[in-house]
Amino acid sequence: MSARGKLFVISGPSGVGKGTLVGMLKGADDVWVSVSATTRAPREGEVDGREYFFMNREAFLAKADAGGFIEWAEYSGNCYGTPADKVEDELRAGRDVVLEIEVQGALQVKERLPEAVLIFIEPPSLEELESRLRGRGTETEEAIARRLETAQVELNEKMKYDYTLVNDDMDEAFRALRDCMASA
Ligand code: 5GP
């Protein structure tokens, strides 16, 4: 029987580039990147079942009540959760699993599964983060302000993580992420 896979949880403020870093992991065949469920509306180009499983709030809360998520949290007015079944199957099959989730969810995972490895991606500065969020052009000013406020709160939690990486240069950050996963 193969050894159980490792569970990696990657967090960081919105706009830090963690989606791109995790996207780079999706090409690797030694890790499986989990697809979360969310009640937020799809952004342009997002496909149901690929970026997220898009659900209405009622269906989401019913699944949460039934214990269908390893963790779930509200973030910027929407619910996000990690479906439990597939993650457990992959770990049992000996594959490493990556969750890209926000801080409250990450801490729930650590509580339930203490062997999980928590990795925090931080921006070089808050100014840089703001300009990246604006440059993305997908959010209203109000949403950007809300995400920046949340970023402050999230940065205060980074010491609860096992590792912290600064995303200044994407390729370097990806190398650091891979090194960190290999040594964990
Ligand atoms: P976005 O709306 O920008 O796609 O995601 C907003 C935040 O929700 C990001 O910080 C992302 O990491 C987080 N997130 C995505 N999926 C999950 C999940 O399953 N659980 C939790 N707790 N957070 C998630």
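One-based numbering, in listed order, for ligands and for the atoms of each. By convention here, the first residue in the shown sequence is residue 1.
- The ring of Phe60 has its center no closer than 6.0 angstrom to the ring center of Tyr80.
- In terms of modelled atom types and a separation under 3.5 Å, the side chain of Ser11 and the main chain of Ile101 share a donor-acceptor contact.
- The pair Arg134-Glu141 meets the salt-bridge criterion, with a side-chain N (NZ, NE, NH1 or NH2) lying under 4.0 Å from an Asp/Glu carboxylate O.
- Nearest residue to atom 14 (N) of ligand 1 from Ile101, Ile10, Val16 is Ile101 (criterion: closest heavy atom).
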What pairs of donor and acceptor atoms, side-chain ones from residues 81-88 against any protein atom, are under 3.5 angstrom apart with sequence neighbours left out?
residue: Thr82; atom: OG1; partner: Glu71; partner atom: OE2; Å: 2.5
residue: Lys86; atom: NZ; partner: Glu90; partner atom: OE2; Å: 2.7
residue: Glu88; atom: OE1; partner: Arg4; partner atom: NH2; Å: 3.2
residue: Glu88; atom: OE2; partner: Arg4; partner atom: NH1; Å: 2.9

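- Using a 4.0 Å cut-off between a side-chain N of Lys or Arg and a carboxylate O of Asp or Glu, Lys110 and Asp162 qualify as a salt bridge.
- The residues Arg40 and Glu46 are annotated as salt-bridged, a charged nitrogen and a carboxylate oxygen being separated by less than 4.0 angstrom.
- The residue Glu139 has no part lying near ligand 1, judged by heavy-atom distances below 4.0 Å.
- Counting heavy atoms under 4.0 Å from ligand 1, residue Gln108 does not touch it at all.
- The protein heavy-atom contact nearest to atom 23 (N) of ligand 1 is Glu102 N, 3.1 Å.
- For the pair Lys18 and ligand 1, a heavy-atom separation below 4.0 Å is found.
- With a 4.0 Å heavy-atom cut-off, ligand 1 is reached by the side chain of Arg40 but not by its N, CA, C or O.
- With respect to Arg43 and Glu139, a salt bridge is recorded, a charged nitrogen being found less than 4.0 Å from a carboxylate O.
- Among all protein heavy atoms, the one lying closest to atom 11 (C) of ligand 1 is Glu100 OE2, 3.6 Å.
- The existence of a salt bridge linking Glu149 and Arg146 is excluded, since no basic side-chain nitrogen approaches an acidic carboxylate oxygen closer than 4.0 Å.
- Annotation: Ser14 places no N or O atom under 3.5 Å from an N or O atom of ligand 1; distance criterion only.
- The list of side chain to side chain donor-acceptor pair (under 3.5 Å) pairs with a residue in residues 173-182, not counting sequence neighbours, reads Asp30-Arg178.
- Residue contacts with ligand 1, taken as heavy atom pairs separated by less than 4.0 Å, involve Tyr75 solely via side-chain atoms from C-beta onward.
- Among protein heavy atoms, atom 5 (O) of ligand 1 sits closest to Tyr52 OH, 3.3 Å.
- In Glu46, neither the side chain nor the backbone holds a heavy atom less than 4.0 Å from any atom of ligand 1.
- Taking the charged nitrogens against the carboxylate oxygens, Arg147 and Glu154 have no contact shorter than 4.0 Å, which rules out a salt bridge.
- Looking at Thr82 next to ligand 1, an N or O pair under 3.5 Å apart turns up.
- Checking only distances, Gly81 does come within under 3.5 Å of ligand 1, N or O to N or O.
- Of the heavy atoms in Phe69, none comes closer than 4.0 Å to ligand 1.
- Between Glu71 and ligand 1, a contact under 3.5 Å exists for at least one N or O pair.
- With hydrogens and angles disregarded, a donor-acceptor distance shorter than 3.5 Å links the side chain of Arg112 to the backbone of Ile70.
- Residue-ligand proximity, Ser36 to ligand 1, at heavy-atom distances under 4.0 Å covers atoms 16 (N), 17 (C), 18 (C), 19 (O).
- Any N or O atom pair closer than 3.5 Å counts here, and Glu154 shares no such pair with ligand 1.
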